[in-house]
Amino acid sequence: MSAPMENMPLKNKGDICEIEATVVSGFENVAKEEAEEKLKVPVDFKRGRIIFKIPTEDVNKVLELGGIDNCFVVMSRFSNVNFTNDELECMAILRKLVYDVNWKLGLAAWSRIFSFSHPIASVPDVIPKDLGEATLSSRFHNAKDSSQEPKKPKLSKSEKRKQRRLQARENKGKDIQQSTKEENVDNAEDLENAASLEKSNDISKDMKEGSETSQNLSDNIPAHVTRTENVETDQSPASKKIKTTENVQSEKLETDQSESREKQKTTCHDPTKPSFRVTCNRNGQGHPFDSMGAAANFGGGVFNYFNWNVSMKNFDIEVILNIEDRDVTVCLGLTRQSLHHRFIKAFGPTALRATIAYNMLRLCKIEPGEVICDPMCGGGTIPIQSAVSYETCASLCGDMINNAVKRTQQNIDFVCQTQPISLDVVRWDVTKLPLKTESMDVVITDLPFGIRSGSKMNNWKLYPNTLMEMARVCRVEKGRACLLTQDKKCINKALSITAKYWKCRNMVGFNMGGLAACVYVLHRTIEKYNAEHAAEMLGEALAHAKKKEGSPVKTNQP
């Protein structure tokens with residue numbers, strides 16, 4: 001039985017645990033400032049994550065941070081692990097690390113967020129002397145050595161097109177050949193079936209004639225002649241073939257049933273113990289193993305140590321194994337789902353992460369009582385995040401597309417089920433906002449990249465018009481704008497056209513799903529908005545767009 005000690009509240013309030021939280025690469029400084037402000041602890045950061053120490057009783061406060069995606073409690077760090085060139089030795093080393101992990105600290109932090117119906121012991125009643133034999137990773141050993149393969153030369157776009165056309169022709173020829181072969185096989189099978197049917201008819205006819213002949217002979221045999229009852233009759237080839245097929249199928253069925261009995265689980269599910277899985281993140285070179293093999297062997301060691309249930313989907317505890325060169329870190333997951341999914345139920349084609357939206361809001365340095373507007377809200381991630389995080393501010397949003405307005409309203413209703421927020425959404429055109437001049441304090445939005453939404457050609461007109469309309473509705477000198485885009489050439493040209501009204505104060509580049517996106521933080525100048533001057537500048541922008549693309553610019557936003 002497990003000792004009921006780890007699920008109880010900690011009596012020692014001085015217990016400190018180390019937390020690692022993942023952040024979108026590029027927003028590490030923003031997340032660091034937020035954690036230091038809310039948790040009152042020093043924070044260090046590396047690429048894509050922040051690291052800090054916090055009292056174990058305050059672990060649940062970490063989930064209130066708006067800029068992080070996932071967080072883990074660090075149980076143990078092992079430096080300069082002696083990984084050799086032998087995979088079996090490395091896997092044996094990883095299994096033995098299970099003994100030295102500080103499971104008590106990790107489970108104490110885990111129990112502050114999650115619960116289990118039975119107490120979970122950090123040390124088993126009987127510590128096993130052996131944690132199982134190390135196993136090899138077949139996926140790693142079957143992999144091809146990329147160093148021995150010759151590097152393929154880079155091809156131009158035209159050469160790639162030619163290669164795709166040739167490949168398509170070859171595939172088409174293969175399909176035709178395959179279909180021809182199948183037709184030939186079908187015809188051969190039909191002929192064979194017809195021949196066998198004709199042969200069987202002949203055999204049955206012969207058998208019928210033979211039976212009539214034997215009947216006539218039997219009628220002529222005298223009564224005193226004794227008849228033999230055991231008469232062997234020849235079976236037809238078709239009947240022999242049928243019986244042989246039935247025997248093979250029955251033998252195969254018996255074999256499959258015996259194999260399924262052998263493959264049955266040797267261990268049963270114990271409801272008094274939690275289920276777990278191990279996830280490995282590996283970075284570095286020179287490892288004679290892969291991540292799957294490391295996770296499998298370390299998980300085998302954990303299973304033999306605790307006898308917990310194994311479940312890859314419906315798990316209670318997730319053990320994180322981070323391997324970076326020769327340094328190994330063992331953590332427990334404090335989030336089962338990434339926090340960037342919060343507040344969003346209806347996802348659109350360009351749905352923005354809630355964590356990115358929150359970091360953009362923090363870049364604007366929002367103050368109480370200000371008015372925040374998202375003129376191209378999409379699914380409403382940014383305005384919903386602003387309404388939740390800045391309750392003392394007024395938030396409003398809109399979009400030109402009907403489906404986007406509907407998705408935003410659905411997400412607002414979804415959030416209002418748990419916490420009421422004050423947010424309005426309307427349908428409008430971003431270049432003609434139904435707002436008073438100098439009525440907004442902060443304008444923040446995710447501009448269309450021209451990839452999944454809009455087009456690159458349309459952006460050359462949309463971006464300058466949007467910035468000009470934002471300059472009209474924002475307060476002079478105090479207004480700010482925060483714009484997210486991947487079309488850097490277009491936004492830089494738009495900023496040069498509207499330089500009279502906007503000054504770029506900060507730029508944050510980050511990785512957004514493989515795209516090199518960037519956030520531009522703009523401040524409104526002291527220049528008053530002039531409609532005539534704005535029309536003149538927009539005329540220059542339109543002429544530049546026509547010259548840039550060499551074709552008329554689309555005026556309707558998709």
Side-chain angles (χ1 to χ4, degrees), residues 350 371 373-378 396-402 404 426-507 517-558:
T350 59
V371 182
C373 176
D374 183 357
M376 290 184 284
C377 61
L396 68 154
C397 60
D399 203 290
M400 184 178 181
I401 304 173
N402 284 327
V426 296
R427 185 177 182 273
W428 60 32
D429 184 359
V430 68
T431 60
K432 300 175 182 179
L433 295 175
L435 301 173
K436 293 182 178 180
T437 302
E438 298 185 19
S439 59
M440 299 291 109
D441 295 294
V442 178
V443 178
I444 177 170
T445 192
D446 177 13
L447 295 172
F449 293 1
I451 299 175
R452 292 184 180 177
S453 177
S455 65
K456 296 284 187 180
M457 182 178 65
N458 192 55
N459 287 349
W460 288 101
K461 182 182 178 182
L462 176 64
Y463 282 17
N465 283 337
T466 300
L467 283 173
M468 197 64 68
E469 187 66 6
M470 289 180 180
R472 182 186 70 83
V473 300
C474 273
R475 301 187 192 278
V476 175
E477 192 174 3
K478 293 183 179 181
R480 287 98 68 200
C482 186
L483 308 178
L484 166 62
T485 183
Q486 185 262 344
D487 196 351
K488 299 182 182 65
K489 290 184 180 179
C490 190
I491 190 65
N492 289 332
K493 183 62 180 178
L495 288 174
S496 65
I497 293 173
T498 59
K500 184 177 181 180
Y501 300 110
W502 293 109
K503 294 296 179 183
C504 184
R505 300 298 185 188
N506 192 9
M507 292 173 56
C518 188
V519 173
Y520 293 79
V521 181
L522 313 178
H523 282 241
R524 184 71 166 82
T525 63
I526 60 175
E527 189 72 25
K528 290 282 187 178
Y529 178 80
N530 188 326
E532 295 180 358
H533 186 263
E536 182 180 350
M537 289 190 293
L538 290 177
E540 295 177 0
L542 181 60
H544 175 78
K546 290 181 179 180
K547 183 179 178 182
K548 183 74 177 177
E549 299 296 335
S551 60
V553 179
K554 294 180 181 180
T555 56
N556 295 328
Q557 188 177 359

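Side-chain atoms are counted along with the backbone in the values below, which use heavy atoms only and exclude waters and symmetry mates.
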Original post:
Just wondering, do L467 and L522 contact through their side chains at under 4.5 Å, heavy atoms?
Top reply: yes

Original post:
When rounded to the nearest 0.5 angstrom, what is the spacing between CD1 in I444 and SG in C397?
Top reply: 12.5 Å

Subject >> Contact list for residues 477-486, test salt bridge (charged side-chain N to carboxylate O under 4.0 Å, His left out), sequence neighbours left out >> reply: E370-R480

Original post:
What are the two closest non-hydrogen atoms of P464 and T498, and how far apart are they?
Top reply: O-CG2, 4.2 Å

Original post:
Donor-acceptor pair, W502 side chain versus L495 backbone, under 3.5 Å?
Top reply: no

Original post:
What are the two closest non-hydrogen atoms of Y529 and M468, and how far apart are they?
Top reply: CE1-O, 3.7 Å

Subject >> Check: R472 side chain, L435 main-chain N or O, donor-acceptor pair, under 3.5 Å >> reply: yes

Original post:
Aromatic rings Y501 and H533: how do their planes relate, parallel, tilted or perpendicular, breaks at 30° and 60°?
Top reply: perpendicular

**OP:** Side-chain contact test, heavy atoms from C-beta onward, threshold under 4.5 Å: evaluate it for V443 versus P375 and give yes or no.
**Re:** yes

Original post:
Do D429 and E469 have side chains that get closer than 4.5 Å, going by heavy atoms?
Top reply: no

Original post:
Are any non-hydrogen side-chain atoms of N506 and V519 less than 4.5 angstrom apart?
Top reply: no

Subject >> Partner residues of E536 under the salt bridge (Lys or Arg N to Asp or Glu O under 4.0 Å) criterion, sequence neighbours left out >> reply: none

Original post:
Quick check: does any side chain N or O of D399 sit under 3.5 Å from a backbone N or O of G378, one acting as donor and the other as acceptor?
Top reply: yes

Subject >> Sidechain-backbone polar pair: T445 side chain, M376 backbone, donor-acceptor under 3.5 Å >> reply: yes

Original post:
Can you name the nearest heavy-atom pair linking G479 to C474, along with the distance?
Top reply: CA-CB, 4.4 Å

Subject >> Check: E438 main-chain N/O paired with R524 side-chain donor or acceptor under 3.5 Å >> reply: no

**OP:** For residues M537 and I497, report the shortest heavy-atom separation together with the two atoms involved.
**Re:** SD-O, 3.2 Å

Original post:
Could you give the distance from CG (N492) to CE (M507), rounded to the nearest 0.5 Å?
Top reply: 6.0 Å

Original post:
So do L447 and D487 actually touch side chain to side chain, heavy atoms under 4.5 Å?
Top reply: no

**OP:** Taking the side chain as every heavy atom from C-beta outward, state whether N459 and P448 have any pair of such atoms under 4.5 Å apart.
**Re:** yes

Subject >> Closest non-hydrogen atom pair between W428 and V426, with its separation >> reply: CE3-CG2, 3.1 Å

